[in-house]
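Chain naming here is simple, since letters A, B, ... match the order of the sequence lines and numbering starts at 1 in each. The figures here come from the full heavy-atom set of this structure, side chains too, leaving out hydrogens, waters and symmetry mates.
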Amino acid sequence: MASKNLEAPRNADAHAAVNKTYEWGFSSDIEQDFAPKGLTEDTVRFISAKKNEPEWMLAWRLKAYRHWLTMEMPDWAKLNVEPIDYQDAYYYAEPKAKPKLGSLDEVDPEILRVYEKLGIPIEEQKVLAGVEGARKIAVDAVFDSVSVATTFRKELEEAGVIFRSISEAVREFPELVKKWLGKIVPMHDNFFATLNCAVFSDGTFVYIPEGVRCPMELSTYFRINAENTGQFERTLIIAEKGSYVSYLEGCTAPMRDENQLHAAVVELVALDDAEIKYSTVQNWYPGDENGKGGIYNFVTKRALCQGRNSKVSWTQVETGSAITWKYPSCVLAGENSIGEFYSVAVTNNHQQADTGTKMIHLGKGSRSTIVSKGISAGVSNNTYRGLVRVGATAENVRNFTQCDSLLLGDKCGAHTVPYIEVKNPSAQIEHEATTSKISDDQMFYAMQRGLDQEAAVSLIVNGFAKEVLQQLPMEFAVEAQKLLGISLEGSVG
Amino acid sequence: MLKIDNLTNEIDGKAILKGLSLSINAGEIHAIMGPNGAGKSTLAYTLGGRPGYDVTGGTAEMDGANLLEMAPHERAAAGLFLGFQYPVEIPGVSNLQFLRESLNSQRRARAEAPLSGGEFIKLAKEKAALLGMDMEMLKRPVNVGFSGGEKKRAEMVQMGILDPKLAILDETDSGLDIDALKIVGAGINTIMRKPDRAVLLITHYQRLLDYVKPDFVHVLADGRITRTGGAELALELEREGYRELAA
């Protein structure tokens with residue numbers, strides 16, 4: 001078993017290709033411990049040992065790894081993916097200076113500076129600094145493979161809420177983790193999910209007890225810093241009967257010439273009358289304007305609305321990544337359960353996105369809403385792919401789907417691929433789709449009122465995406481609006 | 001304030017303006033009338049800097065600055081406002097958001113401090129009241145679902161808020177009923193009838209000029225100003241038609 005660092009590259013090596021438009025592209029000189037390069041059973045054992053995991057967890061990982069060896073990467077999406085050499089990556093990187101959990105003061109200041117640069121909203125910084133009156137958001141910060149800080153733990157615990165890194169949860173709450181881990185996204189679900197089961201490094205665990213409304217927004221910031229490193233985080237959120245939680249995640253990465261793999265798994269479960277609101281602002285490095293570098297974002301996110309009247313709402317703003325492959329889904333098993341999916345996906349330059357959702361209606365009277373806004377610019381391709389399935393015994397199901405595409409320029413593509421499978425005749429399914437362009441009339445009108453070209457594009461695009469943006473918690477909405485503008489800079493004219 | 005000399009332009013290779021000259025001083029209201037296809041809207045778009053309206057000769061200056069070298073948003077910041085014949089819809093963007101961003105963008109370009117949310121709302125309320133427009137309308141997306149008359153009225157509210165030096169109003173009277181016409185006319189007078197402001201009204205008909213009395217009336221035909229006179233010229237045109245007078 002490889003238990004020491006065979007290689008420990010530094011992160012500060014110069015990166016020649018500097019693309020000024022990606023503000024978050026800096027890398028930080030933080031000493032890291034790496035797992036040996038490549039993926040073998042030893043890598044899996046190394047990660048498990050690093051985490052001081054119990055035997056059952058290791059056994060689970062190894063089972064996943066062995067199954068993964070028999071699987072092939074899916075190729076049904078409308079994506080053009082260069083072959084990935086899974087042996088040419090690091091599967092684990094952790095900051096050398098071990099942070100103590102519980103207080104941000106004890107975190108390596110270099111890492112804190114990274115989060116500061118990332119522009120975690122100022123209000124939040126104030127709260128972290130103890131300024132009164134600012135709205136509270138509890139933060140879990142995941143740096144490469146490790147969770148470095150979870151804030152407001154005490155206050156949350158008083159409410160009975162568990163907000164931990166998943167590594168801690170495996171050790172401290174093994175029964176809860178065992179009960180749900182891999183139950184919503186099964187170990188054998190798909191190539192990337194299985195890979196994640198084998199090598200997941202860290203992520204967030206949230207447990208909201210019965211009847212508790214989580215007293216603050218929970219938030220995780222994911223940051224890939226180390227070079228040649230994949231990030232495989234795992235998130236598990238359990239909302240017991242009658243509980244409520246709003247959870248936000250944000251992600252960025254340095255600019256690297258090579259592609260980096262991000263294969264996360266997110267599992268949510270909502271019991272009777274529980275509600276989970278899950279918001280994502282994804283801004284992984286998209287690669288440069290020639291399509292070099294960028295994150296491969298291959299993510300499996302699924303919610304189980306198990307309880308009666310349970311509700312899960314996914315909201316995502318996807319602006320980053322070279323390739324996005326993700327379909328946050330809801331299995332609506334509970335009677336009268338509700339699933340929602342609100343998405344804005346922006347692709348520019350050579351970015352590719354194939355994203356959408358699956359709404360699997362099993363419960364009677366279950367309802368779902370899908371609003372997808374795709375914005376394509378440059379020579380990018382943006383695909384909405386969605387499935388609405390109604391089981392034979394699910395009476396009186398309703399679904400409403402709206403897919404709008406906005407094109408900037410004439411070299412990009414927008415595609416809509418809806419799948420509808422209905423086995424119960426009482427279902428009401430509606431699907432609306434539109435494709436439009438930013439018109440010269442709109443541009444001139446906005447510019448005649450005083451906006452420069454980029455401000456005009458940003459305004460029009462934000463208007464197009466408004467129905468989705470307004471689903472975001474306010475702090476994120478502001479960030480997301482800016483991000484939309486920045487992502488499209490230089491795309492018109 | 002505005003000095004146009006021998007302006008010529010082409011759209012898709014076709015000459016539209018063929019040596020147009022016009023001077024407008026501060027404090028003046030000018031009206032341009034003329035038949036369809038004479039180049040009235042082209043003049044408005046060309047002065048606004050719309051891409052595709054390429055100037056092939058002549059000059060256009062505003063307060064001594066060369067308009068033709070400026071981007072559309074720079075012309076706006078310099079004080080030029082274009083009231084559109086067909087105001088454009090911007091779904092999902094409220095009038096208030098649109099105007100606040102536009103105004104503050106202009107102010108920043110002029111090195112003035114941007115207005116806060118509170119200051120802006122106060123200003124918007126005042127200008128909306130002037131044009132008899134409900135604030136609720138301004139919370140709705142720009143021109144989306146507005147009737148023809150509402151769009152034109154909204155253009156005037158925009159003009160009030162942006163407070164330009166020179167307003168070029170392209171067929172602002174089209175689509176308005178008599179009541180709306182009165183309100184819009186009164187709005188133009190209140191907002192723009194000042195010693196340091198000027199207006200260029202582009203219109204087919206005399207009826208707006210009953211409410212906004214022009215100091216000068218020009219006839220635009222075949223890309224040139226063919227005749228200039230006082231307010232009485234508009235009445236004459238109404239009686240005689242363009243064909244007689246354009247020659």
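Within residues 84-101 of chain B, the residues having any heavy atom under 4.5 Å from a heavy atom of chain A are, by residue number, B:F84, B:P87, B:V88, B:E89, B:I90, B:P91, B:G92, B:V93, B:Q97, B:F98, B:E101. Residue-level contacts of residues 140-152 of chain B with chain A, in order of numbering, are B:V142, B:N143; threshold 4.5 Å between heavy atoms. Among the residues in residues 50-76 of chain B, those with a non-hydrogen atom closer than 4.5 angstrom to a non-hydrogen atom of chain A are B:R50, B:P51, B:P72, B:H73, B:A76. Using a 4.5 Å cut-off between non-hydrogen atoms, the part of residues 102-136 of chain B that approaches chain A consists of B:S102, B:S105, B:Q106.
Taken from CG in B:L82 to CE in A:M447, the straight-line distance is 13.5 Å, to the nearest 0.5 Å. Taking CZ of B:F81 as the start and CD of A:Q448 as the end, the distance is 6.5 Å to the nearest 0.5 Å.
Interface remark: A:A465 contributes no atoms to any contact with chain B (heavy atom separation under 4.5 Å). Both the backbone and the side chain of A:Y445 come within contact range of chain B, with heavy atoms under 4.5 Å apart. With a 4.5 angstrom heavy-atom cutoff, B:L162 touches chain A only via side-chain atoms.
Residue A:R385 places its CZ atom among more than 12 non-hydrogen atoms of other residues, nucleotides or ligands, all under 6.0 Å distant.
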